[in-house]
Amino acid sequence: MAKAPIITPQAQDFPRWYQDVLAKAELADNGPARGTMVIRPYGYAIWERMVAEVDARIKATGAENAYFPLFIPESYLQREAEHVQGFSPELAVVTHGGGKELEEPLVVRPTSETVIGEFMAKWVQSHRDLPLLLNQWANVVRWELRPRLFLRTTEFLWQEGHTAHATEADAAAYARRILHDVYEDFMVSVLAIPVVVGRKTSDERFAGATNTMTCEALMADGKALQMGTSHELGQNFARAFGIAFQDESGTEQTAWTTSWGVSTRMMGGLVMAHGDDAGLRLPPNVAPIQCVVLLIRDESGAGERAALIAEALRTAGVRVRLDDRVDQSFGRRATEWELKGVPVRVEVGPRDLAEEQAVVVRRDTNTKSTVPLAGLAAAVADLLGAVQSSLLDEARARRDTATVDVSDLDGVVAAGRSGFARVPWPVVRDEGAALRAEALTVRCLQSVDGGVASDEGDDTAAYVARAY
RNA sequence: CGGGCUGUGGCGCAGUUUGGUUAGCGCGCUUGACUGGGGGUCAAGAGGUCGGAGGUUCAAAUCCUCUCAGCCCGACCA
């Protein structure tokens, strides 16, 4: 029986589809104040998985976590000219506290280069104090005129790393290490999202940076999403905040700093990169529930068997959930787990158990197979691996198909409508207005070998796309 | 901040043009029964200051004035 679709089909209205998925998969709600977001338990569980994976990678590079204040004296922002100019339009400013007007307004952090710079200056005296590698997990506020859940909210959660180095080369190397070993690796191997990694043009650079590098992903609707950035800040903030040290020869030198971050925006990217008309599709590596054991009917001891099966899977290292809510219909529950993107379902009822088997369904392809209970744990483990890699393959194939080499502006406009136009940088360098008219932007630049461009030279390739 | 639109049970909407008696519908929710291998069926229920304020009128969801909020499209952004 053909039922009305549970969520709006992607092809009909992609933004609506996105909202439907967030609601039906119980990921997030709009908060009461404009632009704010309530992350629901299931959505937050996914975020916690992201945090765990990113945090481990950050720590592997030697950085340590710390915490800096939410409120920043307004004067701090003003110390770096480009920085304050870039951020002032989206600042939330506290002017009153304790019932009195404050002598100096406090900015709610939009990012923490300034406070952290102030403290780095205190902590760094000697070359022996470098590199100083810090990270913090925090919320930040950027006043948004057009918010969209996860993709662009006034308050969002993120990780911001801030480092100080003795040399420009060391800072540059570290910013690249974060870009590749933390962000790119996480996005590809955990989120199963292939990314185009490159250099931002000066127009798109972070306010106050000398170089911004980015991981750009392609969503199912052909629009690009900036998933993470890593910045070389040169000596801009070090000079503004006096981050200086004595080198081996006793000469005072100014440090070189970096900053880098990924945010809850990745949640939106995850949804839009893998989701289909049946809802979310989560890669097992980031799925809070990797496998749900769905009890069909509790007869002939089926309930106890199902619990044992779930327990066995848990022992085998699978993040498993037992769904024995037999008072709700099978179809409803199956649909619910499908909407939530759980990679693998194990369906068991009296019939299967009598034959010592279970029906196993993978979410990405919706294919079913019958598996003997004796080999279930191994089969589920195999399937989780298969789902992880096939989601990545699928996303990569779509990205590759949607990436078109072109050589002139018309080609850029045509290809940019549905994906990435890859074009020699000089072709679009001075075409900002023309691109904007087509809602296109240069996402990043790559060098001839496909690596991150080291400058904006004539031999670099520009990736142009519509973007979130 | 410019242009367009919308506010009616939790969600989605009808009703407004042409004022009229208990403001409807779908989904969801509650209770019960029968069910059960892809949003099951039936029955009985709960739930609404019609965004807010003021006005016109015998009578306002409906007409008038003001106001607030949200959405979409543009310029800015992780």
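Naming convention: chains lettered A, B, ... in sequence-line order (proteins, then strands); numbering from 1 in each chain.
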Next on the checklist: Please give the distance between the P atoms of U30(B) and G47(B) as a whole number of Å.
Outcome noted: 15 Å
Checklist entry - Is the phosphate of C73(B), meaning OP1 or OP2, less than 4.0 Å from a side-chain N or O of Arg146(A)? => result yes
Checklist entry - Got a donor-acceptor contact below 3.5 angstrom from the Ser230(A) side chain to the Met213(A) backbone? => result no
Item to check | Any Arg152(A) side-chain nitrogen or oxygen under 4.0 Å from OP1 or OP2 of C76(B) | outcome: no
Checklist entry - Rounded to the nearest Å, what distance is computed from the CG atom of residue Asp327(A) to the P atom of nucleotide G40(B)? => result 13 Å
Item to check | Rounded distance in Å between the C1' positions of G48(B) and G7(B) | outcome: 14 Å
Next on the checklist: With nearest nucleotide decided by heavy atoms, which residue, Arg325(A) or Thr229(A), maps closer to the 5′ end of RNA chain B?
Outcome noted: Arg325(A)
Next on the checklist: Side chains of Asp13(A) and Thr8(A) only: does a donor on one sit below 3.5 Å from an acceptor on the other?
Outcome noted: no
Next on the checklist: Under a 3.5 Å cut-off for both contacts, is G74(B) paired Watson-Crick or G-U wobble with anything, and if yes, with which nucleotide?
Outcome noted: C1(B)
Next on the checklist: Is it the case that the side chains of Glu204(A) and Thr441(A) hold a donor-acceptor pair, with the cut-off being a distance below 3.5 Å and no angle test?
Outcome noted: no
Checklist entry - Just checking Asp203(A): base, sugar-phosphate only, or nothing, at a heavy-atom cut-off of under 4.0 Å? => result nothing
Checklist outcome for this item: Atom CG of Asp20(A) and atom P of C11(B) are separated, to the nearest Å, by 15 Å
Checklist entry - From G40(B), C76(B), G38(B), pick the nucleotide closest to the side chain of Arg436(A)? => result C76(B)
Checklist entry - Taking the C1' atom of each, how far is G51(B) from G9(B), in whole Å? => result 15 Å
Checklist entry - So what does Asp13(A) hit on the nucleic acid, given a heavy-atom distance under 4.0 Å: a base, only sugar-phosphate, or nothing? => result nothing
Next on the checklist: Mind checking if Thr153(A) touches a base, just sugar-phosphate, or nothing, with heavy atoms under 4.0 Å?
Outcome noted: base
Next on the checklist: Looking only at side-chain N and O atoms, does Asn135(A) offer a donor or acceptor that is under 3.5 Å from a partner on Gln159(A)?
Outcome noted: yes
Next on the checklist: In whole Å, measure the gap between the P atoms of C73(B) and C63(B) for me.
Outcome noted: 29 Å
Checklist entry - Hey, does Gly261(A) reach any base, or is it just sugar-phosphate, or nothing, if we go heavy atoms under 4.0 Å? => result nothing
Checklist entry - Nearest-Å distance, CZ (Arg297(A)) to P (G37(B))? => result 8 Å
Next on the checklist: Check for me whether the distance between the ring centres of Phe237(A) and His162(A) falls short of 6.0 Å.
Outcome noted: no
Checklist entry - Taking atom P of C76(B) as reference, at what distance in whole Å does atom CG of Leu145(A) sit? => result 11 Å
Checklist entry - How far does the C1' atom of U8(B) sit from the matching atom of G3(B), given to the nearest Å? => result 27 Å
Item to check | Distance, C1' atom - from U21(B) to U6(B), rounded to whole angstrom | outcome: 30 Å
Item to check | Donor-acceptor pair present, Lys368(A) side chain and G38(B) base, under 3.5 Å | outcome: yes
Checklist entry - Trp143(A) CH2 to C76(B) P: how many Å, rounded? => result 21 Å
Checklist entry - Below 4.0 angstrom from OP1 or OP2 of C27(B), is there any side-chain N or O of Arg332(A)? => result no
Checklist entry - Which part of the nucleic acid, if any, lies within reach of Glu336(A) when heavy atoms closer than 4.0 Å are counted: base, sugar-phosphate only, or nothing? => result nothing
Next on the checklist: Can you measure Leu91(A) atom CG to C76(B) atom P for me and round it to whole angstrom units?
Outcome noted: 18 Å
Next on the checklist: Among C72(B), G37(B), G38(B), which nucleotide has an atom closest to any side-chain atom of Ala334(A)?
Outcome noted: G38(B)
Next on the checklist: Regarding Glu155(A), tell me which of base, sugar-phosphate or nothing describes its non-hydrogen contacts under 4.0 Å with the strands shown.
Outcome noted: nothing
Checklist outcome for this item: With the side chain defined as heavy atoms from C-beta on, Arg34(A) is closest, among G70(B), G38(B), G40(B), to G70(B)
Checklist entry - Between Arg332(A) and Ser329(A), is any side-chain donor less than 3.5 angstrom from a side-chain acceptor? => result no
Checklist entry - On RNA chain B, nearest-nucleotide positions of Asn30(A) versus Phe206(A): which is more 5'? => result Asn30(A)
Next on the checklist: Both distances below 3.5 Å, Watson-Crick or wobble geometry, any strand: find the nucleotide opposite C29(B).
Outcome noted: G45(B)
Item to check | Distance, rounded to the nearest Å, where Ile296(A) contributes CD1 and G38(B) contributes P | outcome: 8 Å
Checklist entry - With both distances kept under 3.5 Å, what pairs with U21(B), Watson-Crick or G-U wobble? => result none
Checklist entry - Are there more than 12 heavy atoms of other residues, nucleotides or ligands under 6.0 Å from atom CD of Glu356(A)? => result yes
Next on the checklist: Base, sugar-phosphate or nothing for Glu347(A)? Non-hydrogen atoms, less than 4.0 Å.
Outcome noted: base
Checklist entry - What nucleic acid atoms does Arg345(A) come within less than 4.0 Å of, heavy atoms only: base, sugar-phosphate, or nothing? => result base
Checklist entry - So what does Val140(A) hit on the nucleic acid, given a heavy-atom distance under 4.0 Å: a base, only sugar-phosphate, or nothing? => result nothing
Next on the checklist: Give me the distance, rounded to whole Å, that separates G10(B) from C68(B) when you measure between the C1' atoms they each carry.
Outcome noted: 22 Å
Item to check | Integer-rounded Å distance: A75(B) P and Leu435(A) CG | outcome: 12 Å
Checklist entry - So what does Lys24(A) touch, heavy atoms closer than 4.0 Å: a base, only the sugar-phosphate, or nothing? => result base
Next on the checklist: Under a 3.5 Å cut-off for both contacts, is C63(B) paired Watson-Crick or G-U wobble with anything, and if yes, with which nucleotide?
Outcome noted: G55(B)
Checklist outcome for this item: Arg265(A) has its side chain closest, among C77(B), C71(B), G37(B), to C77(B)
Checklist entry - On a whole-Å scale, what distance lies between the P atoms belonging to G74(B) and U67(B)? => result 28 Å
Checklist entry - What's the spacing between Asp298(A) CG and Arg325(A) CZ if we round to 0.5 Å? => result 14.5 Å
